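Some notes on the structure that comes next.
Since the model is a prediction, treat every value here as computed from it, not as a measurement. Below, read A as the first sequence line, B as the second, and so on, with proteins coming before strands; counting in each chain starts at 1.
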Number of protein chains: 2
Amino acid sequence: MTPPDLPLSPSSSRRRAADKAESILQGAMQEFLAYGYAAASMDRIASVAGVSKPTLYSYFQDKEGLFTALINYLTEGKAEIGVDPALFQLPLPDGLKQIATNVLDNFSREKPLLTLMRVMIGESGRFPALAQTFVRNIEKPVLEKITQLFAQHSDSHATDPEIMARMFMGSIIHYVITQEVLHGRDLLPMERSRYIDGLIKAMIQAVSQNSNVAPEE
Amino acid sequence: MTPPDLPLSPSSSRRRAADKAESILQGAMQEFLAYGYAAASMDRIASVAGVSKPTLYSYFQDKEGLFTALINYLTEGKAEIGVDPALFQLPLPDGLKQIATNVLDNFSREKPLLTLMRVMIGESGRFPALAQTFVRNIEKPVLEKITQLFAQHSDSHATDPEIMARMFMGSIIHYVITQEVLHGRDLLPMERSRYIDGLIKAMIQAVSQNSNVAPEE
DNA sequence: GTCTATAGTGCGATAGAC
DNA sequence: GTCTATCGCACTATAGAC
(Lines give C-alpha, C1' and ligand atoms only; values in the text may rest on other atoms or scores of the structure.)
Protein backbone atom coordinates (compact mmCIF):
# COMPACT_ATOMS: atom_id res chain seq x y z
CA MET A 1 0.00 0.00 0.00
CA THR A 2 1.33 3.35 -0.95
CA PRO A 3 1.70 5.92 1.77
CA PRO A 4 -1.19 8.34 1.49
CA ASP A 5 0.63 11.60 1.80
CA LEU A 6 -0.59 14.32 -0.46
CA PRO A 7 1.22 17.59 0.14
CA LEU A 8 -1.31 19.77 -1.64
CA SER A 9 -0.70 22.95 0.22
CA PRO A 10 2.81 22.55 1.50
CA SER A 11 3.01 25.72 3.48
CA SER A 12 4.88 23.80 6.13
CA SER A 13 4.95 20.36 7.62
CA ARG A 14 1.84 18.27 8.13
CA ARG A 15 -0.80 19.79 10.27
CA ARG A 16 -2.21 18.00 13.24
CA ALA A 17 -5.64 16.47 12.88
CA ALA A 18 -7.11 18.89 15.38
CA ASP A 19 -5.85 21.76 13.27
CA LYS A 20 -7.59 20.39 10.20
CA ALA A 21 -10.85 19.90 12.02
CA GLU A 22 -10.48 23.41 13.36
CA SER A 23 -9.88 25.01 10.00
CA ILE A 24 -12.72 23.08 8.44
CA LEU A 25 -15.01 24.36 11.15
CA GLN A 26 -13.69 27.86 10.61
CA GLY A 27 -14.41 27.58 6.91
CA ALA A 28 -17.81 26.11 7.64
CA MET A 29 -18.58 29.02 9.93
CA GLN A 30 -17.75 31.57 7.24
CA GLU A 31 -19.77 29.70 4.69
CA PHE A 32 -22.88 28.70 6.64
CA LEU A 33 -23.18 32.04 8.38
CA ALA A 34 -22.79 33.91 5.11
CA TYR A 35 -25.06 31.82 2.89
CA GLY A 36 -27.29 29.78 5.17
CA TYR A 37 -27.47 26.01 5.10
CA ALA A 38 -28.93 25.35 1.65
CA ALA A 39 -26.80 27.80 -0.30
CA ALA A 40 -23.57 26.91 1.46
CA SER A 41 -21.10 25.04 -0.70
CA MET A 42 -18.94 22.19 0.51
CA ASP A 43 -16.46 23.02 -2.23
CA ARG A 44 -15.99 26.52 -0.93
CA ILE A 45 -15.68 25.26 2.63
CA ALA A 46 -12.92 22.85 1.64
CA SER A 47 -11.21 25.55 -0.36
CA VAL A 48 -11.34 28.17 2.37
CA ALA A 49 -10.22 25.62 4.95
CA GLY A 50 -7.30 24.66 2.73
CA VAL A 51 -8.16 20.97 2.64
CA SER A 52 -9.25 18.67 -0.13
CA LYS A 53 -12.81 17.50 -0.36
CA PRO A 54 -11.94 13.89 0.49
CA THR A 55 -10.24 15.18 3.63
CA LEU A 56 -13.27 17.21 4.51
CA TYR A 57 -15.47 14.16 4.12
CA SER A 58 -13.11 12.10 6.22
CA TYR A 59 -13.64 14.45 9.13
CA PHE A 60 -17.35 15.03 8.73
CA GLN A 61 -19.90 12.61 7.45
CA ASP A 62 -21.78 14.95 5.16
CA LYS A 63 -23.09 18.48 4.87
CA GLU A 64 -25.66 17.97 7.56
CA GLY A 65 -23.08 16.45 9.88
CA LEU A 66 -20.75 19.38 9.37
CA PHE A 67 -23.53 21.85 10.01
CA THR A 68 -24.49 20.03 13.19
CA ALA A 69 -20.87 19.97 14.35
CA LEU A 70 -20.57 23.67 13.60
CA ILE A 71 -23.59 24.64 15.66
CA ASN A 72 -22.34 22.61 18.58
CA TYR A 73 -18.92 24.17 18.19
CA LEU A 74 -20.39 27.67 18.12
CA THR A 75 -22.77 27.28 21.03
CA GLU A 76 -20.68 25.31 23.50
CA GLY A 77 -19.24 27.25 26.37
CA LYS A 78 -20.91 30.46 25.24
CA ALA A 79 -23.31 30.39 28.15
CA GLU A 80 -21.91 33.46 29.82
CA ILE A 81 -22.63 35.94 27.08
CA GLY A 82 -23.23 39.19 28.80
CA VAL A 83 -23.60 37.78 32.28
CA ASP A 84 -20.68 37.67 34.65
CA PRO A 85 -20.88 36.67 38.31
CA ALA A 86 -19.83 40.04 39.69
CA LEU A 87 -23.28 41.28 38.72
CA PHE A 88 -24.76 39.79 41.82
CA GLN A 89 -22.81 42.25 43.92
CA LEU A 90 -24.35 45.27 42.20
CA PRO A 91 -27.63 47.07 42.86
CA LEU A 92 -30.33 45.71 40.56
CA PRO A 93 -30.49 48.64 38.12
CA ASP A 94 -26.73 48.57 37.63
CA GLY A 95 -26.72 44.83 37.15
CA LEU A 96 -29.49 45.02 34.59
CA LYS A 97 -27.78 47.82 32.77
CA GLN A 98 -24.60 45.83 32.51
CA ILE A 99 -26.43 42.79 31.17
CA ALA A 100 -28.34 44.84 28.63
CA THR A 101 -25.18 46.57 27.47
CA ASN A 102 -23.21 43.36 27.18
CA VAL A 103 -25.94 41.51 25.32
CA LEU A 104 -26.42 44.37 22.90
CA ASP A 105 -22.68 44.58 22.33
CA ASN A 106 -22.54 40.88 21.57
CA PHE A 107 -25.33 41.25 19.03
CA SER A 108 -24.11 44.44 17.47
CA ARG A 109 -24.09 44.94 13.77
CA GLU A 110 -22.90 42.03 11.67
CA LYS A 111 -21.16 40.25 14.47
CA PRO A 112 -21.13 36.46 14.21
CA LEU A 113 -23.72 36.07 16.94
CA LEU A 114 -26.18 38.18 14.98
CA THR A 115 -25.70 36.03 11.91
CA LEU A 116 -25.85 32.86 13.96
CA MET A 117 -29.24 33.93 15.23
CA ARG A 118 -30.37 34.52 11.65
CA VAL A 119 -29.26 31.06 10.61
CA MET A 120 -30.62 29.28 13.68
CA ILE A 121 -34.06 30.81 13.31
CA GLY A 122 -34.02 30.36 9.56
CA GLU A 123 -33.17 26.66 9.81
CA SER A 124 -35.17 25.96 12.97
CA GLY A 125 -37.95 24.36 10.96
CA ARG A 126 -35.64 21.87 9.27
CA PHE A 127 -33.20 21.39 12.18
CA PRO A 128 -35.31 21.42 15.34
CA ALA A 129 -32.64 19.59 17.33
CA LEU A 130 -30.07 22.26 16.53
CA ALA A 131 -32.49 24.98 17.48
CA GLN A 132 -32.86 23.27 20.83
CA THR A 133 -29.11 23.08 21.18
CA PHE A 134 -29.03 26.84 20.68
CA VAL A 135 -31.70 27.33 23.32
CA ARG A 136 -30.04 24.97 25.77
CA ASN A 137 -26.54 26.40 25.39
CA ILE A 138 -27.25 30.10 24.98
CA GLU A 139 -30.75 31.15 25.82
CA LYS A 140 -31.38 28.99 28.85
CA PRO A 141 -28.25 29.79 30.89
CA VAL A 142 -28.64 33.51 30.36
CA LEU A 143 -32.29 33.38 31.29
CA GLU A 144 -31.46 31.45 34.44
CA LYS A 145 -28.83 33.94 35.49
CA ILE A 146 -31.19 36.84 35.05
CA THR A 147 -33.86 34.96 36.94
CA GLN A 148 -31.45 34.53 39.85
CA LEU A 149 -30.70 38.21 39.73
CA PHE A 150 -34.34 39.15 39.98
CA ALA A 151 -35.01 36.54 42.63
CA GLN A 152 -32.18 37.86 44.76
CA HIS A 153 -33.43 41.45 44.57
CA SER A 154 -37.09 40.70 44.76
CA ASP A 155 -38.54 41.96 48.00
CA SER A 156 -41.31 39.43 48.01
CA HIS A 157 -43.46 36.98 46.16
CA ALA A 158 -45.23 39.78 44.34
CA THR A 159 -43.35 39.44 41.08
CA ASP A 160 -42.34 36.19 39.45
CA PRO A 161 -38.59 36.42 38.76
CA GLU A 162 -38.85 33.94 35.92
CA ILE A 163 -41.34 36.14 34.16
CA MET A 164 -39.36 39.28 34.87
CA ALA A 165 -36.28 37.64 33.37
CA ARG A 166 -38.16 36.68 30.23
CA MET A 167 -39.55 40.18 29.87
CA PHE A 168 -36.11 41.64 30.23
CA MET A 169 -34.46 39.26 27.78
CA GLY A 170 -37.37 39.49 25.39
CA SER A 171 -37.28 43.26 25.37
CA ILE A 172 -33.60 43.24 24.53
CA ILE A 173 -33.67 40.47 21.95
CA HIS A 174 -36.69 41.94 20.22
CA TYR A 175 -34.88 45.24 20.05
CA VAL A 176 -31.95 43.50 18.39
CA ILE A 177 -34.26 41.75 15.95
CA THR A 178 -36.13 44.82 14.82
CA GLN A 179 -33.16 47.18 14.73
CA GLU A 180 -30.30 44.99 13.55
CA VAL A 181 -31.55 41.68 12.21
CA LEU A 182 -34.49 43.07 10.24
CA HIS A 183 -32.77 46.37 9.43
CA GLY A 184 -35.48 48.44 11.03
CA ARG A 185 -33.22 51.16 12.40
CA ASP A 186 -34.67 53.85 10.16
CA LEU A 187 -38.25 52.57 10.20
CA LEU A 188 -38.51 52.26 13.96
CA PRO A 189 -35.89 54.62 15.29
CA MET A 190 -35.05 54.24 18.95
CA GLU A 191 -31.80 55.19 20.48
CA ARG A 192 -30.09 52.40 22.29
CA SER A 193 -29.36 54.29 25.49
CA ARG A 194 -32.87 55.68 25.65
CA TYR A 195 -34.26 52.19 25.31
CA ILE A 196 -31.97 50.63 27.89
CA ASP A 197 -32.68 53.33 30.45
CA GLY A 198 -36.42 53.25 29.89
CA LEU A 199 -36.49 49.49 30.02
CA ILE A 200 -34.60 49.33 33.30
CA LYS A 201 -36.74 52.03 34.84
CA ALA A 202 -39.87 50.09 33.95
CA MET A 203 -38.46 46.81 35.24
CA ILE A 204 -37.49 48.39 38.55
CA GLN A 205 -40.89 49.97 38.86
CA ALA A 206 -42.46 46.59 38.19
CA VAL A 207 -40.52 44.76 40.88
CA SER A 208 -40.94 47.44 43.49
CA GLN A 209 -44.00 46.54 45.47
CA ASN A 210 -45.80 49.46 47.10
CA SER A 211 -42.71 51.00 48.48
CA ASN A 212 -40.74 53.40 46.43
CA VAL A 213 -37.81 52.45 44.31
CA ALA A 214 -34.22 52.35 45.41
CA PRO A 215 -32.57 55.59 44.39
CA GLU A 216 -31.00 55.34 40.99
CA GLU A 217 -29.56 58.44 39.39
CA MET B 1 -34.10 44.77 -6.18
CA THR B 2 -36.75 44.93 -8.87
CA PRO B 3 -39.99 46.74 -8.12
CA PRO B 4 -43.04 44.59 -7.46
CA ASP B 5 -44.18 42.59 -10.43
CA LEU B 6 -47.59 43.11 -11.85
CA PRO B 7 -49.51 40.64 -13.96
CA LEU B 8 -48.81 41.33 -17.57
CA SER B 9 -51.82 41.57 -19.76
CA PRO B 10 -55.11 43.17 -18.86
CA SER B 11 -57.89 41.21 -20.43
CA SER B 12 -59.20 37.76 -20.89
CA SER B 13 -58.05 34.45 -22.12
CA ARG B 14 -58.83 30.89 -21.20
CA ARG B 15 -58.60 31.60 -17.53
CA ARG B 16 -58.34 34.88 -15.77
CA ALA B 17 -54.79 36.05 -15.37
CA ALA B 18 -55.40 36.95 -11.76
CA ASP B 19 -56.19 33.32 -11.04
CA LYS B 20 -52.88 32.21 -12.44
CA ALA B 21 -50.93 34.79 -10.54
CA GLU B 22 -52.82 33.78 -7.44
CA SER B 23 -52.11 30.11 -7.77
CA ILE B 24 -48.47 30.78 -8.55
CA LEU B 25 -48.24 32.85 -5.39
CA GLN B 26 -49.98 30.10 -3.46
CA GLY B 27 -47.50 27.58 -4.77
CA ALA B 28 -44.65 29.93 -4.01
CA MET B 29 -45.92 30.32 -0.48
CA GLN B 30 -45.94 26.57 0.09
CA GLU B 31 -42.51 26.18 -1.38
CA PHE B 32 -40.66 29.16 0.06
CA LEU B 33 -42.13 28.76 3.51
CA ALA B 34 -41.34 25.06 3.55
CA TYR B 35 -37.81 25.14 2.13
CA GLY B 36 -36.54 28.69 2.46
CA TYR B 37 -35.36 30.76 -0.47
CA ALA B 38 -32.28 28.86 -1.60
CA ALA B 39 -33.74 25.37 -1.44
CA ALA B 40 -37.05 26.30 -3.02
CA SER B 41 -37.53 24.91 -6.51
CA MET B 42 -39.15 26.83 -9.34
CA ASP B 43 -40.11 23.52 -10.94
CA ARG B 44 -42.04 22.46 -7.86
CA ILE B 45 -43.71 25.85 -7.62
CA ALA B 46 -44.88 25.62 -11.21
CA SER B 47 -46.03 22.07 -10.67
CA VAL B 48 -47.95 22.80 -7.47
CA ALA B 49 -49.48 25.90 -9.00
CA GLY B 50 -50.63 23.87 -12.00
CA VAL B 51 -48.87 26.04 -14.56
CA SER B 52 -45.95 25.47 -16.87
CA LYS B 53 -42.60 26.99 -16.16
CA PRO B 54 -42.74 29.39 -19.12
CA THR B 55 -46.04 30.65 -17.77
CA LEU B 56 -44.53 31.11 -14.36
CA TYR B 57 -41.73 33.12 -15.90
CA SER B 58 -44.21 35.21 -17.86
CA TYR B 59 -45.78 36.37 -14.61
CA PHE B 60 -42.65 36.78 -12.56
CA GLN B 61 -39.27 37.85 -13.77
CA ASP B 62 -37.19 35.33 -11.89
CA LYS B 63 -36.90 33.52 -8.58
CA GLU B 64 -35.97 36.65 -6.72
CA GLY B 65 -38.86 38.56 -8.26
CA LEU B 66 -41.30 35.86 -7.27
CA PHE B 67 -39.97 35.78 -3.73
CA THR B 68 -40.25 39.54 -3.49
CA ALA B 69 -43.80 39.47 -4.81
CA LEU B 70 -44.66 36.74 -2.32
CA ILE B 71 -43.40 38.68 0.67
CA ASN B 72 -45.35 41.74 -0.41
CA TYR B 73 -48.41 39.57 -0.97
CA LEU B 74 -48.09 38.01 2.47
CA THR B 75 -47.43 41.19 4.40
CA GLU B 76 -49.82 43.62 2.79
CA GLY B 77 -52.96 44.43 4.71
CA LYS B 78 -51.88 42.27 7.63
CA ALA B 79 -51.25 45.29 9.80
CA GLU B 80 -54.07 44.57 12.21
CA ILE B 81 -52.82 41.25 13.49
CA GLY B 82 -54.04 41.04 17.00
CA VAL B 83 -55.06 44.65 17.35
CA ASP B 84 -58.59 45.78 16.76
CA PRO B 85 -59.92 49.27 17.43
CA ALA B 86 -62.38 48.21 20.11
CA LEU B 87 -59.39 47.72 22.38
CA PHE B 88 -59.26 51.41 23.09
CA GLN B 89 -62.56 51.16 24.90
CA LEU B 90 -61.28 48.59 27.38
CA PRO B 91 -59.36 49.04 30.61
CA LEU B 92 -55.64 48.71 29.99
CA PRO B 93 -55.15 45.22 31.46
CA ASP B 94 -58.00 43.82 29.41
CA GLY B 95 -56.75 45.49 26.26
CA LEU B 96 -53.25 44.14 26.79
CA LYS B 97 -54.58 40.70 27.47
CA GLN B 98 -56.54 40.69 24.27
CA ILE B 99 -53.55 41.81 22.25
CA ALA B 100 -51.28 39.20 23.82
CA THR B 101 -53.83 36.47 23.22
CA ASN B 102 -54.43 37.44 19.62
CA VAL B 103 -50.76 37.76 18.76
CA LEU B 104 -49.98 34.40 20.35
CA ASP B 105 -52.87 32.81 18.49
CA ASN B 106 -51.61 34.20 15.21
CA PHE B 107 -48.16 32.78 15.88
CA SER B 108 -49.30 29.46 17.21
CA ARG B 109 -47.68 26.25 16.20
CA GLU B 110 -46.86 25.84 12.54
CA LYS B 111 -49.14 28.56 11.34
CA PRO B 112 -47.97 30.39 8.23
CA LEU B 113 -47.06 33.49 10.21
CA LEU B 114 -44.65 31.48 12.32
CA THR B 115 -42.95 30.09 9.24
CA LEU B 116 -42.95 33.48 7.59
CA MET B 117 -41.05 34.85 10.54
CA ARG B 118 -38.53 32.01 10.21
CA VAL B 119 -37.99 32.77 6.54
CA MET B 120 -37.88 36.53 6.97
CA ILE B 121 -35.25 36.37 9.69
CA GLY B 122 -33.36 33.65 7.89
CA GLU B 123 -33.16 35.65 4.67
CA SER B 124 -32.84 39.07 6.27
CA GLY B 125 -29.11 39.14 5.60
CA ARG B 126 -29.54 38.54 1.89
CA PHE B 127 -32.83 40.43 1.41
CA PRO B 128 -32.64 43.47 3.65
CA ALA B 129 -35.31 45.30 1.67
CA LEU B 130 -37.79 42.48 2.25
CA ALA B 131 -36.98 42.41 5.93
CA GLN B 132 -37.83 46.09 6.02
CA THR B 133 -41.07 45.41 4.21
CA PHE B 134 -41.92 42.95 6.94
CA VAL B 135 -41.12 45.50 9.63
CA ARG B 136 -43.04 48.24 7.87
CA ASN B 137 -46.16 46.18 7.18
CA ILE B 138 -46.39 44.03 10.30
CA GLU B 139 -44.16 45.11 13.13
CA LYS B 140 -44.51 48.86 12.88
CA PRO B 141 -48.31 49.17 12.77
CA VAL B 142 -48.76 46.83 15.71
CA LEU B 143 -46.14 48.66 17.71
CA GLU B 144 -47.81 51.96 16.97
CA LYS B 145 -51.20 50.70 18.08
CA ILE B 146 -49.82 49.43 21.34
CA THR B 147 -47.99 52.70 21.84
CA GLN B 148 -51.26 54.57 21.44
CA LEU B 149 -52.86 52.25 23.93
CA PHE B 150 -50.20 52.95 26.53
CA ALA B 151 -50.21 56.66 25.78
CA GLN B 152 -53.95 56.82 26.27
CA HIS B 153 -53.83 55.08 29.62
CA SER B 154 -50.65 56.63 30.86
CA ASP B 155 -51.32 58.84 33.84
CA SER B 156 -48.34 61.00 33.23
CA HIS B 157 -45.00 61.54 31.66
CA ALA B 158 -43.41 59.00 33.97
CA THR B 159 -43.34 56.13 31.52
CA ASP B 160 -42.50 56.36 27.85
CA PRO B 161 -45.34 54.66 25.95
CA GLU B 162 -43.08 53.82 23.05
CA ILE B 163 -40.76 51.92 25.33
CA MET B 164 -43.62 50.22 27.11
CA ALA B 165 -44.99 49.07 23.77
CA ARG B 166 -41.65 47.65 22.72
CA MET B 167 -41.29 45.84 26.02
CA PHE B 168 -44.72 44.36 25.66
CA MET B 169 -44.26 43.26 22.06
CA GLY B 170 -40.74 42.06 22.73
CA SER B 171 -41.85 39.96 25.66
CA ILE B 172 -44.49 38.29 23.54
CA ILE B 173 -42.42 37.77 20.41
CA HIS B 174 -39.48 36.46 22.37
CA TYR B 175 -41.82 34.01 24.05
CA VAL B 176 -42.97 32.85 20.62
CA ILE B 177 -39.39 32.52 19.43
CA THR B 178 -38.15 30.46 22.33
CA GLN B 179 -41.22 28.28 22.72
CA GLU B 180 -42.42 27.75 19.17
CA VAL B 181 -39.83 28.85 16.65
CA LEU B 182 -36.82 27.34 18.41
CA HIS B 183 -38.78 24.42 19.88
CA GLY B 184 -37.87 25.30 23.45
CA ARG B 185 -41.17 24.26 25.01
CA ASP B 186 -39.64 21.43 26.99
CA LEU B 187 -36.34 23.13 27.72
CA LEU B 188 -37.83 26.35 29.04
CA PRO B 189 -41.30 25.39 30.14
CA MET B 190 -43.65 28.28 30.81
CA GLU B 191 -47.36 28.05 30.57
CA ARG B 192 -48.88 30.54 28.24
CA SER B 193 -51.55 31.83 30.59
CA ARG B 194 -49.09 32.19 33.44
CA TYR B 195 -46.80 34.21 31.23
CA ILE B 196 -49.52 36.45 29.87
CA ASP B 197 -50.91 37.20 33.31
CA GLY B 198 -47.52 37.83 34.85
CA LEU B 199 -46.48 40.00 31.97
CA ILE B 200 -49.57 42.16 32.17
CA LYS B 201 -49.28 42.49 35.90
CA ALA B 202 -45.73 43.70 35.55
CA MET B 203 -46.61 46.12 32.76
CA ILE B 204 -49.45 47.61 34.79
CA GLN B 205 -47.22 47.93 37.80
CA ALA B 206 -44.65 49.70 35.64
CA VAL B 207 -47.06 52.28 34.27
CA SER B 208 -48.74 53.00 37.56
CA GLN B 209 -46.92 55.90 39.09
CA ASN B 210 -47.03 56.04 42.89
CA SER B 211 -50.70 55.40 43.12
CA ASN B 212 -52.03 51.88 43.18
CA VAL B 213 -53.24 50.01 40.18
CA ALA B 214 -56.74 49.97 38.83
CA PRO B 215 -58.50 46.83 39.99
CA GLU B 216 -58.17 44.02 37.51
CA GLU B 217 -59.72 40.61 38.04
C1' DG C 1 -14.96 12.30 -11.72
C1' DT C 2 -20.05 11.13 -11.51
C1' DC C 3 -24.60 11.95 -11.13
C1' DT C 4 -28.33 14.70 -10.03
C1' DA C 5 -30.80 18.97 -9.70
C1' DT C 6 -31.69 23.56 -10.76
C1' DA C 7 -32.56 28.34 -13.14
C1' DG C 8 -34.01 29.92 -17.07
C1' DT C 9 -35.22 29.66 -22.38
C1' DG C 10 -36.92 28.32 -27.18
C1' DC C 11 -40.38 26.29 -29.94
C1' DG C 12 -44.20 23.99 -31.94
C1' DA C 13 -48.81 22.70 -30.76
C1' DT C 14 -53.31 23.71 -28.64
C1' DA C 15 -57.46 25.52 -27.20
C1' DG C 16 -60.39 28.88 -26.16
C1' DA C 17 -62.10 34.14 -27.16
C1' DC C 18 -63.46 37.33 -30.55
C1' DG D 1 -60.82 32.49 -39.32
C1' DT D 2 -57.28 35.43 -36.07
C1' DC D 3 -55.17 36.30 -31.50
C1' DT D 4 -52.90 34.99 -27.62
C1' DA D 5 -52.13 32.84 -23.38
C1' DT D 6 -50.71 28.74 -22.35
C1' DC D 7 -48.69 23.92 -22.33
C1' DG D 8 -45.28 20.36 -22.75
C1' DC D 9 -40.91 19.32 -23.55
C1' DA D 10 -36.39 19.53 -24.84
C1' DC D 11 -32.39 22.06 -24.07
C1' DT D 12 -28.30 24.80 -22.08
C1' DA D 13 -25.38 25.84 -18.64
C1' DT D 14 -24.15 25.64 -14.18
C1' DA D 15 -23.33 23.93 -9.80
C1' DG D 16 -23.38 20.99 -5.94
C1' DA D 17 -22.90 16.58 -3.01
C1' DC D 18 -20.18 13.01 -2.43
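Taking atom CG of residue B:Asp62 and atom P of nucleotide C:dA7, one finds them 11 Å apart after rounding to whole Å. The CD atom of A:Glu64 sits 18 Å away from the P atom of D:dG16 (whole-angstrom rounding). Rounded to whole Å, the distance from CZ on B:Phe60 to P on C:dA7 is 15 Å. The separation between B:Asp43 atom CG and D:dA10 atom C1' is 13 Å, rounded to whole Å. The separation between B:Lys63 atom NZ and C:dT6 atom C1' is 8 Å, rounded to whole Å.
The aromatic rings of B:Tyr37 and B:Phe32 lie parallel to each other, with less than 30° between the two planes, well short of the 60° mark.
At a non-hydrogen distance threshold of 4.0 Å, B:Ala40, B:Ser41, B:Met42 from residues 25-42 of chain B come into contact with DNA chain C.
Using modelled atom types, one finds a donor on one side chain and an acceptor on the other under 3.5 Å when comparing B:Thr55 with B:Ser52. No hydrogens or angles considered: a donor-acceptor pair under 3.5 Å links the side chains of B:Ser124 and A:Arg118. Side chains of A:His174 and B:Glu139: a donor on one and an acceptor on the other come within 3.5 Å. Under 3.5 Å, the side chains of A:Tyr73 and A:Gln26 contain a donor-acceptor pair of N or O atoms.
Comparing atom distances between the B:Tyr57 side chain and each of D:dC7, D:dG16, C:dT9 picks out C:dT9 as nearest. Residue B:Ser52 has its side chain nearest to D:dG8 when only C:dA7, D:dA17, D:dG8 are considered. If you check C:dT6, D:dT6, C:dA7 against the side chain of B:Arg44, the one that comes closest is C:dT6. Candidate nucleotides C:dT6, D:dT6, D:dA17 were compared by shortest atom distance to the side chain of B:Tyr59, and D:dT6 ranks first.
Rounded to the nearest 0.5 angstrom, B:Leu70 CG and B:Glu31 CD are separated by 11.0 Å. To the nearest 0.5 Å, atoms OH (A:Tyr195) and CD1 (A:Ile200) are separated by 11.0 Å.
Base engagement by B:Pro54 is indicated by at least one non-hydrogen atom pair under 4.0 Å involving a base atom.
If you check distances only, the side chain of B:Lys53 does reach the base of C:dG8 with a donor-acceptor pair under 3.5 Å.
Between B:Lys20 and D:dT6, a side-chain N or O to OP1/OP2 separation shorter than 4.0 Å is present.
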